[in-house]
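The structure under discussion appears below in the form of structure tokens.
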Amino acid sequence: MESKKITDKKKLKLAIGLGSTCSGCDIAILDLGVKLLELIGLADIVFWPTVFDFKYSDLKELGDKEIDITLHHGTIRTTEHEEIARILRKKSKVLIAFGSCSCFGGIPGLCNLTDKKQIFDAVYGENLSVANKENIFPEEKLLINKNKSITLPHLFDTGKTLKQLVEVDYFIPGCPPPMQLIEGLIPLMKDVLGGAQLPEKGTVFGSKKTLCDECTLKKENKMISKIVNPVTAIVDPERCLLEQGILCMGPVTRGGCEARCINVLMPCRGCMGPGPETEDQGVKMISAIASILGVKDEENLTDQQIEDLLSGIKDIVGTFYRFTLPDALLNRKVKERR
Amino acid sequence: MFEPKIIGFCCNWCAYAGADLAGINRNQYPPNIRMIRVMCSGTIEPLYVVKAFKEGADGVFIGGCHPGDCHYQSGNYKTQRRIVLLKRAISEIGLDPRRIRLEWVSAAEGQRFARIITEFTEEIRKLGPNPLKLSGVENGI
């Protein structure tokens with residue numbers, strides 16, 4: 001039973017570890033403002049490389065299960081990220097995947113559409129702004145002299161989510177996680193301290209419904225005749241964006257962000273990950289958009305007209321799996337054998 | 001020789017009845033297809049197709065009623081649009097879009113059903129095994 005008190009301490013130990021990340025999640029935690037003081041009142045921070053001067057050795061010195069709560073943000077891209085994730089799992093009682101990258105792979109996870117060689121070729125060779133006539137590419141091992149060499153972490157071809165590597169207790173999605181979900185950490189910490197019943201393992205913090213459910217725009221008739229570019233469109237601020245032809249991931253995305261993008265008339269990009277009961281965000285969106293696009297007069301459309309209609313959606317994987325590619329069913333670019 | 005595994009989703013009213021007719025008429029077609037009967041081609045979520053590939057299918061066949069003949073008025077139109085999008089999505093992931101085939105087969109077209117399945121099996125045989133099965137999606141690292 002989870003109701004057993006997992007710690008006898010008066011004050012918790014909190015660690016915040018990272019993988020491949022933009023550190024926006026760190027900024028989001030700092031954005032707690034006054035509440036940050038309350039958080040620090042409940043927990044000592046034992047590891048947070050972005051904000052304090054912690055070294056990996058500090059982390060390694062901690063005993064097993066000594067950390068009470070760990071937040072991990074960022075995709076797993078290198079051997080270093082993998083090592084840190086495994087250490088954090090070993091040393092923590094509760095491991096929380098924090099932010100879209102850790103939960104579903106996030107933006108860095110789109111690396112799965114390519115591989116290490118292609119990335120290096122582009123970054124150190126083909127890009128127009130690069131002058132690399134000698135074809136110098138980064139090496140993992142550099143010999144300084146006979147006895148001394150330094151090594152860099154190995155970059156994987158495939159980005160992974162935290163869950164694909166170690167057991168994860170809770171998920172806090174969002175890019176970055178919305179403020180109200182981060183504030184939810186404080187009652188969670190109090191529960192851990194007080195020995196209250198903790199949420200079920202694997203719980204995703206956020207709404208139990210999709211974003212459309214909490215979006216306040218007026219929804220009338222979900223049938224669209226073409227896809228509109230949100231940059232050039234004149235948007236009706238009262239009406240559902242999808243009904244105006246703007247690609248909005250609302251129908252397949254978990255709520256809990258209080259429609260923060262839609263409130264400023266930007267369509268949802270799906271950072272909260274697949275909605276409850278949704279296995280794969282992208283194919284669900286393919287299904288959803290194909291069901292409402294071009295319904296009017298559908299019996300008279302020729303194959304070419306259908307192609308033209310759907311060609312308004314550019315870069316399907318990049319749009320529909322923007323934050324969830326490593327977590328998707330087909331999560332990696334493959335090559336047909338010819 | 002490589003024997004492709006093909007998953008077929010056929011609608012209850014047309015394609016599945018067409019397959020039945022092919023059986024009654026004793027029209028021969030390769031046994032590579034494993035057929036699943038669904039009530040309407042409109043119920044076939046792209047997820048089913050993707051899952052079939054994930055589990056190692058080499059091709060997915062989808063059979064529905066001819067346009068205008070759908071038992072539920074408009075299910076097949078939706079399938080048509082979904083499959084166009086899905087084909088584009090799987091080709092971005094690197095799978096050949098020819099691995100998905102959508103055909104309209106009526107209950108009277110047993111012979112045509114047998115011909116389509118023969119053609120499709122041969123096409124998949126030429127394409128070779130599903131690359132997801134070969135490398136293993138997780139083996140990227």
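Just so we're on the same page: letters track the sequence lines, and every chain starts at 1. Quick note: numbers below take in every heavy atom, side chains included, and nothing from hydrogens, waters or symmetry partners.
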Original post:
Is the backbone N or O of Leu293(A) less than 3.5 Å from a side-chain atom of Arg81(B), with the two atoms forming a donor-acceptor pair by type?
Top reply: yes
Original post:
At a heavy-atom separation under 4.5 Å, does Thr79(B) approach chain A through its side chain, its backbone, both, or neither?
Top reply: neither
**OP:** Anything in residues 103-117 of chain A with a heavy-atom distance to chain B below 4.5 Å? Please list those residues in order.
**Re:** Leu113(A)
**OP:** Tell me, for Ile286(A) versus chain B, whether the close heavy atoms (under 4.5 Å) come from the side chain, the backbone, both or neither.
**Re:** both
Original post:
Does any non-hydrogen side-chain atom of Asp303(A) lie less than 4.5 Å from one of Val84(B)?
Top reply: no
Original post:
In this structure, are over 12 heavy atoms from other groups packed under 6.0 Å from Lys208(A) atom NZ?
Top reply: no
Original post:
Hey, does Glu298(A) have a side-chain heavy atom less than 4.5 Å from the side chain of Ser74(B)?
Top reply: yes
Original post:
Of all of Gly128(B), Ala89(B), Gly68(B), Gly42(B), which one pairs up most often with chain A through heavy atoms under 4.5 Å apart?
Top reply: Ala89(B)
Subject >> Derivation and outcome, side-chain contact (heavy atoms from CB on, under 4.5 Å), residues Arg98(B) and Glu336(A) >> reply: CA-CA 12 Å; Arg98(B) 283 174 293 177; Glu336(A) 287 275 0; over 6 Å; no
**OP:** Verify the neighbour count for atom CD of Glu167(A): are there more than 12 heavy atoms of other residues, nucleotides or ligands below 6.0 Å?
**Re:** no
Original post:
Tell me the salt bridge (Lys or Arg N to Asp or Glu O under 4.0 Å) pairs involving residues 31-51 of chain B, sequence neighbours left out?
Top reply: Glu279(A)-Lys51(B), Lys284(A)-Glu45(B)
Original post:
Looking only at heavy atoms, which two atoms of Leu132(B) and Val334(A) are closest? And how far apart?
Top reply: CD2-CG1, 3.8 Å
Original post:
Hey, is CD on Gln73(B) packed in by over 12 heavy atoms from elsewhere, all under 6.0 Å?
Top reply: no
**OP:** Report, as yes or no, whether the 6.0 Å neighbourhood of atom CD on Gln111(B) holds more than 12 heavy atoms from other residues, nucleotides or ligands.
**Re:** no
Subject >> Ser287(A) side chain near Arg82(B) side chain, heavy-atom distance below 4.5 Å >> reply: yes
**OP:** Check whether more than 12 heavy atoms from other residues, nucleotides or ligands sit under 6.0 Å from atom CE of Met223(A), and answer yes or no.
**Re:** no
**OP:** Pick out which of Val49(B), Leu86(B), Ile90(B) makes a side-chain contact (heavy atoms from CB on, under 4.5 Å) with Val283(A).
**Re:** Leu86(B)
**OP:** To the nearest 0.5 Å, tell me how far Arg88(B) CZ sits from Ile316(A) CD1.
**Re:** 4.0 Å
**OP:** For each of Ile313(A), Ile289(A), Asp280(A), tally heavy-atom pairs with chain B at distances under 4.5 Å, and name the one with the top tally.
**Re:** Ile313(A)
Original post:
Is the number of heavy atoms from other residues, nucleotides or ligands within 6.0 Å of CD (Glu299(A)) greater than 12?
Top reply: yes
Original post:
What is the distance from atom CG of Leu310(A) to atom CD of Gln80(B), rounded to the nearest 0.5 Å?
Top reply: 9.5 Å
Original post:
In Å, rounded to the nearest 0.5 Å, how long is the span from CG of Asn300(A) to OH of Tyr77(B)?
Top reply: 7.5 Å
Subject >> Electrostatic pair Glu92(B)-Lys333(A), nearest N-O below 4.0 angstrom >> reply: no
Subject >> Interface moiety of Leu301(A) toward chain B, non-hydrogen atoms closer than 4.5 Å >> reply: neither
Original post:
Atom CE in Met285(A), atom CG in Leu85(B): separation rounded to 0.5 Å?
Top reply: 10.0 Å
Original post:
Does the Lys78(B) side chain pair with the main chain of Ser291(A), one donor and one acceptor, at a distance under 3.5 Å?
Top reply: no
**OP:** Evaluate whether atom NZ of Lys219(A) has more than 12 neighbouring non-hydrogen atoms of other residues, nucleotides or ligands under 6.0 angstrom away.
**Re:** yes
